[in-house]
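Quantities reported herein were computed from a predicted structural model and do not represent experimental measurements. Protein chains get the first letters and strands the later ones, always in sequence-line order, with residue 1 at the start of each.
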Amino acid sequence: VSLTESTESTEDLGRGYTRRLAQVLSTPDGTLALALLQKMAALQQPAPAPAPTAAEGDTVGIWRRTRNGAYERRPELKDEWHLWADTERLPLTAGRRRVAVLGESAARGYFFDPGTTYTGLFADCLRAVPGLDDVDVLDLARTSATMDDVRRTLYEAAALRPDGLVVFAGNNWYYPELGAHDRQRLAEAVRRGGFAESRHTFHAVMVERARAFLADVAETARTYDIRVTLVVPEFNLADWHTEPCLGAPVLPGSGNLAWQRLREDAEAALAAGQAKEAARLAGEMAELDGGTSVTAQRLLAAALRDEDPEAAERALVAAKDAAVGRFLPHAPRTLTAVQDELRAGAAAHGFALVDLPALLREAAGGRAPGREFFLDYCHFTYEGLALVAAGTAAALSPLLTGTAHSVDAAALRATLVAPSTERQAAAHFLAAIHNAHIGQPTELVDSLLERALTLDEGTAHHLVDYLDYQSRVAPNWVCEAFARSARVPELARYLEVGDPGSSVKLADHALRQSMLDLLATRGLADPAVYRERLITEHAGPETDLLSDANRAPTWRESADSPVQRHSYVTAPDPGSDSWLVLARPTEVELALTARLPEGEPAQAEASVRINGAEAGSVPLGAGWRTVRLTVPAGLWQAGLNHVEIRWPLRALPGDRLLSAAAEALERGETPCSLPEYAHLYAFTARPRTD
Amino acid sequence: VVGISAHFHDAACAVLVDGELVAAAHEERFTRIKQDPAIPGRALRECLRQAGLTLADVDCVAYYEDPVKKLDRQLWTALPALPDSRPEALHRLDADRPRREIRDVLGYEGPVEIVDHHLSHAASAYYYSGFEDAAVLTVDAVGEWATTTWGRGEGSELELVAEVEFPHSVGLLYSTITGHLGFEVNEGEYKVMGLAPYGEPRYADRIRQLIEVTDDGSFRLDLDYFDFTDPRTMASPRLTELLGIPPREPESPLGQVHHDLARSVQLVTEETLLALAARARRLVPSENLCMAGGVALNVVAVRRIVEEGPFRRVFVQPAAGDAGGSLGAAAVAHRRLTGRRPVRDRMSSALLGPGHSSEEVAKTLAAAGDRGFHDFRGRESELLAAVADRLAAGKVVGWSHGRTEFGPRALGGRSILADPRGPGMRDKINASVKMRESFRPFAPAVLAEKAAEHFRIDHESPFMLETCEVVSPLELPAITHVDRSARVQTLTEEANRRFYRLVRAFEERTGCPIVLNTSFNLRGEPIVQTPEDALLCFIRSAIDCLVLEDFVIDREDLPEPWLTWFGGTRPGTRSTVSDSVYSLL
């Protein structure tokens with residue numbers, strides 16, 4: 001039939017075709033087909049014009065050039081001020097040389113900022129170098145800076161014609177902005193070999209980005225004749241433990257069930273002192289998850305620590321890298337491959353290099369660096385800051401002095417004056433909160449709090465205030481105790497006063513208990529008074545056990561976390577915890593609306609424990625159902641109670657979940673990479689009132 | 001039955017229990033993202049919680065438009081490109097998304113009813129009108145294909161009997177001129193309507209060249225003047241030639257020419273809507289008219305239909321925009337499932353969102369320490385006296401009480417209130433409280449029994465959906481527009497309770513039974529929802545006094561740190577919806 005035979009108009013014919021096409025393409029596969037066609041067509045379109053490589057504008061970061069030539073803070077960016085150096089004006093003195101420092105929170109001196117900063121210490125070191133007393137140091141590091149942020153600041157800073165440039169960035173290069181074609185590559189990798197395979201693609205993308213960034217730095221440096229020093233970041237390999245939600249991702253077949261069982265056995269073996277057996281089991285876990293699990297690598301490292309320290313350290317490095325590429329938020333870190341790229345880039349472009357992995361290992365006596373240099377995953381203790389600052393000054397100095405004489409970093413470091421014990425104590429206090437909110441073990445949190453109080457007993461006031469505002473239902477910024485804490489500049493920065501969104505109320509009861517215990521032993525707090533506040537604020541006729549304040553001890557588990565991307569709560573581990581405050585022990589009716597995600601068996605029971613004691617079990621199935629459990633008064637106590645649900649361990653349909661993840665990537669969405677053991681829509685507690 | 005509107009702009013949900021509307025909420029009020037189009041997971045949780053339900057109790061989810069028909073229109077619009085591969089179109093051709101997200105994001109795996117976009121609008125008006133029969137007129141920018149429909153409602157039956165299809169659209173015409181005038185499309189239409197009375201309809205004849213209203217009461221756009229496929233504009237170059245007025249840069253000064261253009265498009269829109277209403281009467285010989293769709297929020301045009309149109313009674317859905325589609329979709333699904341008409345009675349209140357108890361507020365404020373905040377728990381008359389005193393003294397009051405409003409209007413749940421008599425009140429609130437354009441008028445809330453003494457209105461207007469002439473013996477400059485019109489909300493004790501009693505207390509002090517009532521938010525942010533939202537808006541603006549349930553906070557009692565941290569700051573103006581063009585994706 002000739003197309004021209006139709007008597008219908010072209011418009012009517014077009015309507016007919018699009019109507020039928022829409023019907024055909026309205027299925028899940030239709031959506032994917034349309035997305036693929038769109039992406040293929042985009043390949044034919046011209047690439048967007050490259051961004052300008054240098055900005056000759058009148059702004060640098062949060063500062064803008066005024067009529068008199070000074071760069072002053074922009075009032076309209078007040079919300080951002082706390083992320084940058086706490087200075088009204090950039091120190092630009094005519095006739096003096098300039099060094100600009102670009103970087104992220106590690107380069108700000110997070111926890112010490114603004115009182116003590118990496119850049120400040122670096123500037124002090126530089127001043128101690130003969131011939132460099134005419135150098136101004138511009139602190140352009142920004143907390144939470146992405147690679148693009150640093151690049152933008154680089155271009156803006158070029159307009160200030162610096163003589164030297166320090167680039168200390170990379171910790172935030174772990175989750176790049178993914179374009180449509182990147183996602184397609186990742187989708188194909190997931191189909192080929194699950195998240196273990198896509199992780200390699202993800203890492204390759206990150207290395208490509210790092211290489212391009214270094215090329216941009218080099219081009220800018222050439223254009224403006226700037227001497228560059230590159231700092232390779234390092235991670236707290238020894239003492240940064242597994243974070244929540246970083247067990248194994250969805251594995252092919254029914255791999256997750258086998259992996260969970262291996263994990264239980266490995267942990268039991270390790271606890272029993274059977275290191276060899278634990279190492280064998282952890283090795284099996286790693287084989288099963290293809291290196292995607294921090295848990296397996298940390299277990300392996302722990303099991304090998306005494307027997308084979310070198311293998312243990314390789315496992316620590318593998319644990320660091322395992323988190324990256326899981327499509328999940330996690331603590332910042334620099335991939336080993338990116339660290340290598342930074343080293344190679346420095347050599348290729350002629351940058352001076354400060355290799356922190358080497359520097360910190362040397363300072364640690366050849367061991368993997370840990371808590372002696374780090375307050376968390378990548379932010380430094382004062383000792384760490386001083387070491388890095390001196391190392392940077394030693395690396396850059398010859399470029400500025402134009403001499404071949406090397407500068408002794410240790411000597412520069414010796415010139416530094418340590419911050420007050422009060423400030424160091426505050427940093428440890430903040431680090432304790434930070435560690436707790438990313439799911440680090442109580443032992444680590446306790447040690448930071450202990451150290452804070454040892455350094456300065458006056459820090460106790462901050463703990464008291466924290467217990468006050470964090471235990472209230474009011475947003476933190478509303479609380480009088482929060483305002484008291486915010487008078488200390490370092491605390492104000494960390495607590496992000498002025499950002500109401502930072503007032504997430506978490507169920508960080510372990511942290512609070514640690515604080516309470518430490519204060520109580522010093523006679524500075526009465527646990528009974530704290531318990532009464534909890535009761536006043538939280539005990540009521542009905543408690544929502546899924547609210548952040550009653551369920552989420554870490555940011556990762558809070559409702560706003562990218563991990564929780566549904567309007568119900570998912571359980572990525574076989575156990576879920578909630579906390580309930582009661583005015584007195586009484587019978588409590590728990591009502592749980594939950595379901596079991598796809599898996600075998602379809603029906604199973606979940607067990608409920610109250611304060612560690614069995615309280616009963618509830619039947620669950622594939623559809624939502626509301627089940628009620630009446631828990632007798634004898635299992636409860638006045639004040640805080642721990643409610644634990646143990647979900648049934650089931651075989652998940654790994655292949656189907658991986659296929660769904662690949663499709664999500666093709667649709668431009670973030671895939672679900674975590675196994676799900678249960679879905680919870682509602683979980684409430686009603687104490688009997690008579 | 002849960003009704004969902006989402007994936008375009010202003011996502012919302014509504015919950016019907018046994019055919020009665022128990023809750024409805026906008027997603028933006030929870031996420032604080034203006035016009036948030038994401039599937040309304042948070043709003044749904046909250047609506048179910050209010051109803052004492054969980055997802056396990058839901059029998060059906062109704063979605064407010066047919067994604068297959070929408071995809072058809074999207075594919076056709078981009079022709080000859082197939083598919084549309086512009087960057088902004090990537091992943092937007094996704095007819096599976098509603099069902100997928102209802103299943104994966106909301107977690108609902110039961111039956112899903114798909115309801116056509118304009119049927120959702122029609123149902124949101126008819127089923128909630130209380131009429132036993134009615135003609136129904138829906139007018140918006142675009143749904144799937146339809147942009148305007150005429151329908152017939154009779155008992156539990158509702159059917160659409162005629163329609164105008166995209167690209168011919170009154171809404172798109174109005175939005176195109178809104179964009180030409182430099183205002184945000186899909187938001188700034190209110191501004192054009194507010195600007196219109198300052199102008200003369202000098203360009204009306206040129207606007208009439210853009211739209212041909214046919215003898216049978218339908219219409220067509222002259223497509224030479226439009227380009228709905230260009231992501232940067234909605235107009236073709238010929239529009240500027242025709243008008244002889246260049247597009248105005250956003251935020252640049254407004255001149256008489258802009259006033260006149262606004263007046264012209266408003267006039268032509270009114271004429272067109274009158275013609276459409278006349279056709280509705282010819283198609284459906286009822287004495288009642290129900291209206292919905294974004295264009296039904298043009299209160300000036302609605303007033304003309306009420307006054308000049310062929311119907312004795314007119315009901316406009318207070319959430320006439322797409323958010324209200326959730327109400328209609330839920331109603332249609334209920335009808336399909338049960339065969340019975342949902343919602344027997346006329347919708348009497350738009351206060352359908354969540355509320356916060358006085359005890360909750362008490363705990364929040366107690367955390368601030370002893371600040372001299374006034375606690376009137378258990379003493380409502382004293383509370384109202386204290387607030388009325390402040391209003392009478394010329395104070396601007398932020399008022400947060402009870403459940404939040406569904407729809408774009410603040411109706412006494414989350415309102416900024418003031419004395420309408422002061423000569424500088426309008427400028428004060430526009431400039432330093434709402435931080436918006438100076439020409440924009442404010443609306444009055446008046447005791448219903450006193451309304452006729454001050455406004456030419458002979459019926460209740462509980463939802464602020466029509467304008468009328470101000471005939472008050474009082475000088476009311478803050479709520480009287482330049483053409484002596486006002487967009488009135490009438491209050492009854494039965495429907496408005498504490499808000500009504502507040503205005504009565506104000507009247508006792510001043511002899512004025514009217515207060516200025518505007519939405520409690522700053523420019524660019526959604527209306528406040530929680531006590532925290534209200535506190536932040538209060539601190540950031542120049543509001544003199546905040547009423548949070550039973551508590552009164554005067555500005556001078558605000559803790560210094562709060563002012564230091566938030567004074568002079570603005571809420572993040574996050575929006576994922578384009579405001580430069582009306583997205584057809």
Side-chain angles (χ1 to χ4, degrees), chain A residues 14-15 17-19 21-23 25-28 30-31 34-35 37-42 44-45 75 78-79 180 468-469 472-475 477-483 486-487 497-501 503 536-537 544 565-568 593 595 622-626 667-669 672 679 681-682, chain B residues 32 39-42 44-45 48-49 54-58 67-76 79 81-85 87 89-91 93-97 100 104-110 360 363-369 371 532 535-536 559-562 564-566 568-570 572:
Chain A
R15 283 288 298 268
Y17 282 118
T18 57
R19 186 180 306 121
L21 261 179
Q23 290 166 354
L25 295 171
S26 63
T27 60
T31 293
L34 281 164
L37 287 168
Q38 287 180 310
K39 285 182 267 190
M40 281 174 62
Q44 312 305 320
Q45 290 164 1
K78 188 178 173 186
D79 291 350
D468 182 308
Y469 63 76
R472 293 181 184 271
V473 296
W477 64 265
V478 171
C479 300
E480 190 175 29
F482 182 84
R487 286 185 203 136
V497 300
D499 178 4
S503 281
T536 304
E537 291 283 325
D544 176 4
R565 58 189 65 164
H566 312 283
S567 67
Y568 49 89
T593 302
R595 69 181 180 188
W624 294 110
R625 67 174 77 168
T626 300
R667 288 193 302 266
E669 300 167 2
C672 293
H679 295 163
Y681 198 84
Chain B
R32 310 307 297 159
I39 195 152
R42 294 189 191 194
L44 175 59
R45 283 191 74 85
L48 290 175
R49 193 192 62 76
T54 76
L55 206 56
D57 303 304
V58 175
V68 181
K69 291 179 181 171
K70 180 178 174 180
L71 178 60
D72 170 16
R73 194 254 301 153
Q74 289 174 312
L75 293 171
W76 182 85
L79 287 174
L82 191 70
D84 185 349
S85 298
L90 185 60
H91 302 307
L93 308 178
D94 187 353
D96 180 49
R97 187 179 179 196
R100 186 176 70 243
D104 293 349
V105 180
L106 300 185
Y108 177 76
E109 300 211 61
E360 195 179 329
K363 278 185 187 174
T364 296
L365 297 183
R371 299 290 175 179
E532 182 182 7
L535 270 169
L536 283 167
E560 189 56 38
W562 296 4
T564 304
W565 297 336
F566 303 115
T569 67
R570 300 291 304 275

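- B:Arg371 touches chain A through its side chain: at least one heavy atom from C-beta onward sits under 4.5 Å away, while N, CA, C and O do not.
- Only the side chain of B:Arg100 comes within contact range of chain A, judged by heavy atoms closer than 4.5 Å.
- Using a 4.5 Å cut-off between heavy atoms, B:Ile39 does not touch chain A at all.
- Between A:Tyr469 and A:Trp477, a ring centre-to-centre spacing not shorter than 6.0 Å is recorded.
- Judged by distance alone, the side chains of B:His91 and A:Arg667 never bring a donor and an acceptor atom under 3.5 Å apart.
- Ranked by heavy-atom pairs under 4.5 Å with chain B, the first of A:Pro475, A:Ala41, A:Gly30, A:Ala180 is A:Pro475.
- For chain B, the option among A:Pro28, A:Ala486, A:Ala682 with the highest count of heavy-atom pairs below 4.5 Å is A:Pro28.
- Using a 4.5 Å cut-off between heavy atoms, A:Arg487 makes no contact with chain B at all.
- Side-chain atoms of B:Val58 and B:Leu55, non-hydrogen and from C-beta on, do get closer than 4.5 Å to each other.
- Residue contact with chain A, scored on non-hydrogen atoms closer than 4.5 Å, involves the side chain of B:Trp562 exclusively.
- For B:Asp104, the part lying under 4.5 angstrom from a heavy atom of chain A is the backbone only.
- Between chain A and the options B:Leu535, B:Leu44, B:Leu106, B:Thr564, heavy-atom pairs under 4.5 Å are most frequent for B:Leu106.
- Proximity to chain B (any heavy atom under 4.5 Å) is restricted, for A:Thr27, to the backbone atoms N, CA, C and O.
- Each of A:Ala481, A:Ala474, A:Cys672 has some count of heavy-atom pairs under 4.5 Å with chain B, and the biggest count is that of A:Ala474.
- Proximity to chain A (any heavy atom under 4.5 Å) is shown, for B:Ala81, by neither the backbone nor the side chain.
- Under a cut-off of 6.0 angstrom, the local environment of NZ in B:Lys69 is sparse, with at most 12 non-hydrogen atoms contributed by other residues, nucleotides or ligands.
- By the 4.5 Å heavy-atom criterion applied to side chains, A:Thr18 and B:Leu79 are counted as neighbours.
- Within the 3.5 Å criterion, the main-chain N or O of B:Thr569 finds no donor-acceptor partner in the side chain of A:Lys78.
- With a 4.5 Å cut-off on non-hydrogen atoms, A:Val473 touches chain B through its side chain but not through its backbone.
- B:Arg45 forms a cation-pi arrangement with A:Tyr681, by the criterion of a distance under 6.0 Å to the ring centre and an angle within 45° of the ring axis.
- For A:Arg472, the part sitting under 4.5 Å from any heavy atom of chain B is the side chain, from C-beta outward, and nothing else.
- Note on A:Glu669, A:Gln38, A:Glu480, A:Arg565: by heavy-atom pairs under 4.5 Å with chain B, the leading option is A:Gln38.
- For A:Gln44, no part sits under 4.5 Å from any heavy atom of chain B, backbone or side chain.
- Using a 4.5 Å cut-off between heavy atoms, A:Asp544 makes no contact with chain B at all.
- In this structure, the portion of B:Pro561 lying under 4.5 Å from any heavy atom of chain A is its side chain and not its backbone.
- A side-chain donor from one of B:Asp94 and A:Thr31 sits under 3.5 Å from a side-chain acceptor of the other.
- Both the backbone and the side chain of B:Leu93 come within contact range of chain A, with heavy atoms under 4.5 Å apart.
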